[in-house]
Amino acid sequence: MEKKIELCGSELVALAGSLAIAIAKKVCDEDLRKLRFFFNSIASNIAIIEAEGRERKGNIK
């Protein structure tokens with residue numbers, strides 16, 4: 001059974017901003033750069049997985 005995120009887009013944006021500020025206050029610039037690359041990689045992989053899922057279901061838009 002797939003779980004669904006119960007947040008609207010604006011709530012996700014606010015959450016992401018809050019987390020970014022909290023992390024930035026605790027981490028040095030070099031580690032922030034590493035975290036940026038890490039989270040960008042996660043986002044890219046999620047996009048690939050999402051696209052492949054749509055392709056398997058025949059729902060490409």
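Side-chain atoms of E52 do not come within 3.5 Å of backbone N or O of I49 as any donor-acceptor pair. A distance-only check finds a donor-acceptor pair linking the side chain of S44 to the backbone of N40 [under 3.5 Å].
Atom CD1 of I42 sits in a crowded spot, with more than 12 heavy atoms from other residues, nucleotides or ligands closer than 6.0 Å.
Remark: E6 engages no residue in a salt bridge (Lys or Arg N to Asp or Glu O under 4.0 Å) (not counting sequence neighbours).
Annotation: the span from L19 atom CG to F39 atom CZ amounts to 8.0 Å, rounded to 0.5 Å. In this structure, CD1 in I46 is found 10.0 Å from OG in S41, a value given to the nearest 0.5 Å.
Evaluation of the salt bridge (charged side-chain N to carboxylate O under 4.0 Å, His left out) test over residues 32-44, restricted to residues two or more places apart or in two chains, returns E30-K34, D31-K34.
Considering all non-hydrogen atoms of both residues, I23 and L35 come closest at CG2-CD1, 3.6 Å.
The hydrophobic clustering, which links ILVMFWY residues whose side-chain heavy atoms are closer than 4.5 Å, places I21 and L15 apart.
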